[in-house]
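Both ligands and their constituent atoms are indexed starting at 1 by order of listing.
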Amino acid sequence: MNTAKSTETLTDTPTSLDSPPFAAMFKASEIVNAAAAIAEAECIEQLKKTDAVPLLMNWLLGQESIVCSDPTTVAAKLRKMVVGGAGKTVVISDFDYTLSRFANGSGERLSTTHGVFDDNVMRLKPELGQKFVDLKNKYYPIEFCPKLTMEEKIPHMEKWWGTSHSLIVNEKFSKHTIQDFVRQSRIVFKDGAEDFIQSLDAHNIPLVIFSAGIGNIIEYFLEQKLGAIPRNTHFISNMILFDEDEKACAFSEPLIHTFCKNSSVIQKEAPFFHEINGRVNVILLGDSMGDIHMDVGVERDGPTLKVGYYNGSLDDTAALQHYKEVYDIVLIHDPTLNVAQKIVDVINSIH
Ligand SMILES: Nc1nc2c(ncn2[C@@H]2O[C@H](COP(=O)(O)O)[C@@H](O)[C@H]2O)c(=O)[nH]1
Ligand SMILES: [Mg+2]
């Protein structure tokens with residue numbers, strides 16, 4: 001559609017814009033909608049000129065770590081997201097082993113937010129530390145067991161989270177101690193994570209970190225790494241509540257474990273919900289099968305592009321196949337945010 005033509009239509013009758021028939025015909029909302037349609041049409045024209053999406057698809061499919069079962073669907077989602085631009089985009093990301101690394105360069109497992117207690121308490125109070133480690137050794141295999149259904153796993157997850165949270169509350173750890181634990185922890189950002197988070201903030205794209213981990217730990221980690229929590233970053237997570245002496249005294253409700261990361265635990269009145277209203281296009285980043293419904297509950301009618309980090313064994317073809325079925329893009333043992341950054345860069349480049 002040519003903007004000039006549509007302007008001619010609006011002005012080719014010799015009546016004043018204020019005359020009743022004209023004003024009745026073109027209510028303000030219709031004029032706004034027409035302007036939005038023109039802007040989108042211009043963007044589609046621009047998009048065709050730049051071949052942004054075909055070039056992006058070529059780049060994506062050229063990446064060694066990527067597996068993409070249906071490039072046509074991915075390209076269609078990307079086209080809508082690029083046309084929609086940064087203003088219609090929201091990123092919903094898991095934290096543990098998604099924004100953080102699963103293993104270091106030597107293949108050693110790194111820490112989850114809960115794991116901050118496993119590591120540090122063992123050093124300070126070995127007897128209590130062993131309880132945290134025993135819990136992980138007992139329940140982590142259940143979380144990823146391919147033979148159990150999600151329904152069979154849920155009671156075990158509730159027991160794991162509930163028991164480890166009780167250990168934290170009963171020990172009355174102080175906020176200061178926990179901040180020190182984070183400083184000494186083995187949580188490591190994925191390569192490029194700081195730049196990714198800050199580039200979202202720079203382009204006013206909201207980042208919702210939806211974690212079944214401990215939100216306070218993520219906040220302290222971001223503060224320590226970035227100097228402050230960026231304005232665009234929001235949390236849906238288990239939060240430690242502190243008493244007047246800043247001692248841990250409870251955890252937020254409802255409990256968020258791996259298999260209930262969906263609208264059932266989203267507080268609709270969350271203060272940031274107004275900020276993501278209208279953000280119809282979602283980039284979802286996760287590493288677990290429990291992450292694939294994090295976008296449910298965000299009222300919108302645009303596409304969700306699901307990017308999944310596969311940290312499992314390449315010999316486990318059944319697990320890998322399952323990831324390929326539920327994620328649009330699967331990143332195999334990828335320690336970076338390169339793919340997500342590239343997609344956001346293209347979205348930002350068109351408008
Ligand atoms: N070491 C421990 N890990 C735990 C514990 N409880 C949960 N978890 C792990 O956290 C992630 C969930 O976080 P997310 O940000 O990825 O949603 C989950 O995968 C569990 O393995 C614990 O007590 N200790
Ligand atoms: Mg995770």
Inset, instruction - Inspect the contact between K125 and E171 and indicate whether a charged nitrogen and a carboxylate oxygen are less than 4.0 angstrom apart. - result: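 Result for this pair is yes, salt bridge flagged.
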Legend entry - Lys/Arg-Asp/Glu bridge criterion (N-O < 4.0 Å) met for K261, D94: yes
Legend entry - Polar contact flag, side-chain donor to acceptor under 3.5 angstrom, T73-D70: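 Indeed, the side chains of T73 and D70 share at least one donor-acceptor pair under 3.5 Å.
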Where is the nearest protein heavy atom to [atom]: which residue, which atom, and how far?
atom                    : result
atom 7 (C) of ligand 1  : W161 CZ2, 3.2 Å
atom 24 (N) of ligand 1 : H114 CB, 3.4 Å
atom 21 (O) of ligand 1 : E143 OE1, 2.6 Å
atom 1 (N) of ligand 1  : D118 OD2, 2.6 Å

Legend entry - Results of side chain to side chain contact (heavy atoms under 4.5 Å, CB included) for D180 - residues two or more places apart only: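 Applying side chain to side chain contact (heavy atoms under 4.5 Å, CB included) to D180 gives H176, R183, Q184.
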For ligand 1, which atoms sit closer than 4.0 Å to a heavy atom of [X]?
X    : result
K136 : 1 (N)
T112 : 1 (N), 2 (C), 3 (N)
S164 : 23 (O)
K261 : 14 (P), 17 (O)
T258 : 18 (C), 19 (O)
Y140 : 21 (O)
D94  : 14 (P), 15 (O), 16 (O), 17 (O)
G213 : 13 (O), 15 (O)

Inset, instruction - Answer side chain, backbone, both or neither: which part of H257 comes under 4.0 Å from ligand 1, heavy atoms only. - result: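 Looking at H257 and ligand 1, no heavy atom falls under 4.0 Å.
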Inset, instruction - Under 4.0 Å, heavy atoms only, figure out whether ligand 1 is touched by the backbone of Y97, its side chain, both or neither. - result: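 Under 4.0 Å from ligand 1, Y97 contributes no heavy atoms.
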Inset, instruction - Check whether more than 12 heavy atoms from other residues, nucleotides or ligands sit under 6.0 Å from atom CD of E127, and answer yes or no. - result: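 Incorrect, the count does not exceed 12.
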If we only count N/O pairs under 3.5 Å, is [X] in contact with ligand 1?
X    : answer
A212 : yes
W160 : yes
D96  : yes

Legend entry - side chain to side chain contact (heavy atoms under 4.5 Å, CB included) between I266 and F210, intermediate numbers included: CA-CA 9 Å; I266 294 178; F210 197 154; 4.0 Å; yes
Inset, instruction - Keeping the roles fixed (side chain from R279, backbone from A86), state whether a donor-acceptor pair exists under 3.5 Å. - result: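 Pair found, side chain donor or acceptor close to backbone of A86.
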Inset, instruction - May I ask you to list the protein N, O or S atoms found at less than 2.8 Å from the Mg ion (ligand 2)? - result: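 N, O, S partners closer than 2.8 Å: D94 OD2, D96 O, D287 OD1.
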Inset, instruction - Any chance you could pull the hydrophobic cluster mates of M239, using side-chain heavy atoms under 4.5 angstrom and chaining through other members? - result: none
Legend entry - Geometric cation-pi criterion K153 and Y139, 6.0 Å radius, 45° cone: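 No, cation not above the ring by the 6.0 Å, 45° rule.
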Inset, instruction - Could you check whether the rings of F173 and F117 sit parallel, tilted or perpendicular, using 30° and 60° as the cut-offs? - result: tilted
Inset, instruction - Indicate the ring-plane relationship of H165 and F251, choosing parallel, tilted or perpendicular according to the 30° and 60° boundaries. - result: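 The rings of H165 and F251 lie parallel, inter-plane angle below 30°.
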Inset, instruction - Taking all non-hydrogen atoms of both residues into account, name the closest pair between S199 and Q341 and its distance. - result: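 The pair with the smallest heavy-atom distance is OG-NE2, 3.2 Å.
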Inset, instruction - Find the distance between NE2 (H257) and CH2 (W160) and round it off to the nearest 0.5 Å. - result: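 These two atoms lie 12.0 Å from each other.
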Inset, instruction - List in chain and number order the residues that pass salt bridge (Lys or Arg N to Asp or Glu O under 4.0 Å) with D191, two or more places apart in sequence or in another chain; answer none if no residue qualifies. - result: R101
